[in-house]
Amino acid sequence: MCGIFGIVTANEQALGPILIDAAKRLTYRGYDSVGAATISGRTIDLRKDAGKVEDVAEKYNFAEMTGQRGITQLRWATFGTPSQVNAQPHLDSDGDMVGAHNGNVVNNVELRQQFMAEGMTVRSENDGESCVHAVERYIGQGMDFISAIQHAYKDLEGDYAFVIGAINDDKLYAIKKGSGLVVGIGEDFTCISSDLPSILPLTRDVIRLEDGEIVTLWADKVQLHSVVDGGLIAREPETITESMASVKKDGYPHFMLKEIHEQPQVARELLHRMAGDQEEIEHVLLKIKNARNLYLIGCGTSYHACLAGSVYFSQLAGKTAIPVLAPQFEPQYLNAVGEGDLGIFVSQSGETKDVLNALQAGQSKGMTCLSMANVIGSTLTLKTEAWLPLVCGYEISVPATKTFTNQVITFMALAAQLGGRSDLDFDTLPDLMAETIETVDTSVRALVPKINPWEDLYILGYGLTYPMALEGALKLKEITYAHCEGMLSTEFKHGPLSAVTEGFPVLFVTGPEDVPLIISGINEVKCRGGEAIAVGQSDPALAANADDMIEIPDSNPIFASLLSVLPLQLLSYHMAVARGYDPDFPRNLSKTLTVD
Ligand code: AGP
């Protein structure tokens with residue numbers, strides 16, 4: 001979740017402080033490296049490194065940078081480790097052009113080879129550099145910037161936005177394809193950024209770019225062109241009146257809702273990244289395939305992802321994976337653990353003490369340890385042999401949402417690849433997620449008045465949806481403070497059924513293959529006066545038996561399991577808000593649990 005910012009002024013001036021401030025305002029997106037470049041006349045001043053904005057800016061004295069144009073970038077590593085050479089912005093071969101990007105160029109590896117074969121100087125592994133060379137390729141053929149960007153657009157696959165400028169020019173150029181990009185128009189300057197928080201302190205007049213648009217920025221005007229045919233696009237600026245706090249939430253009332261809605265996009269970025277990083281994935285898959293015992297270890301929501309992963313490894317690849325709550329790893333399994341065993345430690349924060357304790361225990365017995373985490377540079381990522389990044393950017397809300405779905409998708413994609421299940425079209429998954437979030441919201445909201453008066457609830461699932469029932473129940477108790485138990489649907493009759501009274505609500509999450517079994521459970525609840533609410537794909541029998549139904553779009557059973565958690569996230573969110581609680585910061589809880 002990188003961030004870019006660029007500014008064009010009328011004359012050479014001190015740009016360092018503006019670039020530092022803009023970079024700081026993009027840090028909420030998550031990053032591991034920072035850089036700044038200024039352009040004046042015939043020179044480019046480029047300073048960058050891995051580290052925090054404050055530290056890198058101080059070490060390289062960004063504050064003294066001057067120029068007529070400036071670019072800053074915060075990098076969240078995808079292609080290439082966090083390092084000075086991979087930090088952005090990047091120069092072209094001769095050092096007379098500089099640019100930076102946000103997003104993922106999925107054919108980066110192939111492009112770098114082409115650029116080198118064409119004699120260009122490729123300095124890093126980073127895909128931001130590929131954006132610069134893709135433009136350089138056509139500028140070198142004598143094209144102007146607009147034409148060169150049009151051609152580069154055809155070469156660069158993936159979702160991205162980039163900004164670029166050259167010496168002996170007075171403009172910056174930028175393009176949007178999939179990643180956010182907003183133009184700011186001030187007095188005697190224009191600017192461009194991935195997001196509003198870095199623009200609003202400078203100006204409130206903005207133009208939001210759409211995909212496939214190129215913008216040219218002069219100090220006193222901007223011009224938009226279509227990348228397809230080069231035609232001019234007319235768009236008037238709008239004036240932003242919202243407060244900075246609400247802008248950071250992107251117009252959503254809470255970070256949780258924003259993060260729920262970000263899930264399709266971060267899923268797309270994760271899948272692009274995994275597709276572009278096949279060497280690393282093959283390495284992990286080989287370890288999984290050869291593991292004597294495979295343990296998936298986490299806490300809370302991350303444990304639920306482990307549970308889902310275990311079902312996917314079994315169903316898609318015929319591989320047994322043992323899901324373990326981290327503190328239970330030592331008493332239940334450690335005595336039997338040894339070399340030849342593999343542990344995948346899963347954590348959003350990468351700092352959960354319970355998980356780090358289990359890691360230490362596993363390592364003490366010679367177990368191979370890999371990790372899956374969202375926070376770059378976290379202890380877990382540093383202490384494991386290899387790390388699978390979740391590519392979600394910062395997750396601010398305490399209840400995990402987008403990190404959970406990307407954990408689940410990572411396991412799902414690994415299991416599918418291990419099992420040779422190329423029939424699962426992962427490219428369709430982000431759109432299915434977006435469709436689910438959009439279509440279920442009305443039916444979810446309609447259920448809130450019915451369910452919210454109850455302080456005891458159950459969410460039941462089976463097979464592929466069992467982990468989602470547990471996760472839905474955790475979300476609900478975390479932010480509504482109601483007691484909610486997630487359970488295997490078939491277990492309900494072994495005890496909890498006695499809790500059912502008139503109107504007692506029970507949610508049943510079902511995959512398309514488990515409908516008959518779930519209908520049995522529904523009727524056991526209904527005939528005792530309970531209210532059965534089904535979450536699943538459209539099915540006449542299910543709809544006829546349940547009292548209420550939340551329909552998710554049709555897909556295969558594997559994808560359906562992931563989709564079914566989305567209405568549960570929304571339900572907990574709407575219930576918490578209706579109860580007057582702040583879902584982002586539930587009482588007694590912390591985002592990162594560094595204690596035993
Ligand atoms: C999730 O909504 C919770 N905040 C919590 O259960 C969390 O998943 C758990 O504390 C583990 O955190 P981690 O993923 O950072 O290790």
Side-chain angles (χ1 to χ4, degrees), residues 77 81-82 273-274 277-390 403 406-421 467 593-594 596:
T81 53
R273 193 200 162 276
M274 290 182 83
D277 212 359
Q278 274 304 301
E279 214 174 299
E280 179 70 12
I281 299 293
E282 293 288 351
H283 172 76
V284 169
L285 286 175
L286 194 65
K287 287 194 179 303
I288 291 174
K289 192 174 163 198
N290 294 334
R292 185 182 62 168
N293 293 304
L294 169 61
Y295 299 97
L296 312 180
I297 302 163
C299 294
T301 288
S302 296
Y303 166 71
H304 297 150
C306 294
L307 198 57
S310 152
V311 185
Y312 300 138
F313 276 121
S314 170
Q315 292 206 4
L316 297 174
K319 176 84 193 173
T320 299
I322 305 162
V324 193
L325 280 164
Q328 189 67 8
F329 178 65
E330 191 167 340
Q332 192 167 346
Y333 296 105
L334 195 65
N335 202 29
V337 166
E339 284 175 19
D341 291 337
L342 173 68
I344 302 182
F345 293 79
V346 182
S347 170
Q348 176 281 130
S349 61
E351 300 293 349
T352 302
K353 182 82 182 330
D354 289 341
V355 176
L356 296 177
N357 289 347
L359 173 68
Q360 196 179 21
Q363 283 173 334
S364 74
K365 298 292 291 281
M367 182 166 88
T368 303
C369 297
L370 310 180
S371 61
M372 190 192 292
N374 193 43
V375 179
I376 295 171
S378 57
T379 309
L380 187 62
T381 67
L382 299 177
K383 289 194 168 173
T384 44
E385 191 181 298
W387 163 55
L388 292 158
L390 292 170
T403 52
N406 268 11
Q407 288 167 346
V408 170
I409 292 170
T410 303
F411 278 135
M412 205 188 262
L414 288 174
Q417 196 166 329
L418 188 67
R421 290 290 304 271
L593 279 163
T594 53
D596 285 309

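We use all heavy atoms of the structure for the numbers below, so side chains are in, but hydrogens, waters and symmetry mates are not. Because the structure is predicted, anything quoted here is derived from the model rather than measured. Nothing fancy with the numbering, it's 1 onward along the sequence.
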message: Are the side chains of M412 and R421 in contact, using a 4.5 Å heavy-atom criterion?
response: no
query: Side chains of V408 and Y312: closer than 4.5 Å at any heavy-atom pair?
result: yes
query: When you look at Q407 and S302, which way does the side chain to side chain donor-acceptor pair (under 3.5 Å) test go after all the steps?
result: CA-CA 7 Å; Q407 288 167 346; S302 296; 3.0 Å; yes
message: Given 3.5 Å as the limit, does a donor-acceptor pair link the side chain of K383 with the main chain of C369, or not?
response: no
- request: Report yes if the side chains of V324 and Q332 come closer than 4.5 Å at any heavy-atom pair, otherwise no.
  value: no
query: Is there a donor-acceptor pair under 3.5 Å between the side chain of K287 and the backbone N or O of L342?
result: no
- prompt: L370 versus L388: any side-chain heavy-atom pair under 4.5 Å?
  reply: no
field: T410 and M274, any side-chain heavy atoms less than 4.5 Å apart
entry: yes
- request: Could you check if a side-chain atom of E279 sits within less than 4.5 angstrom of a side-chain atom of H283, using non-hydrogen atoms only?
  value: no
field: Non-hydrogen side-chain atoms of D341 and Y333 separated by less than 4.5 Å
entry: no
message: With heavy-atom distances below 4.5 Å as the criterion, would you say the side chains of F411 and V311 are in contact?
response: no
- prompt: Hey, does the side chain of N406 reach the backbone of L390 with a donor-acceptor pair shorter than 3.5 angstrom?
  reply: yes
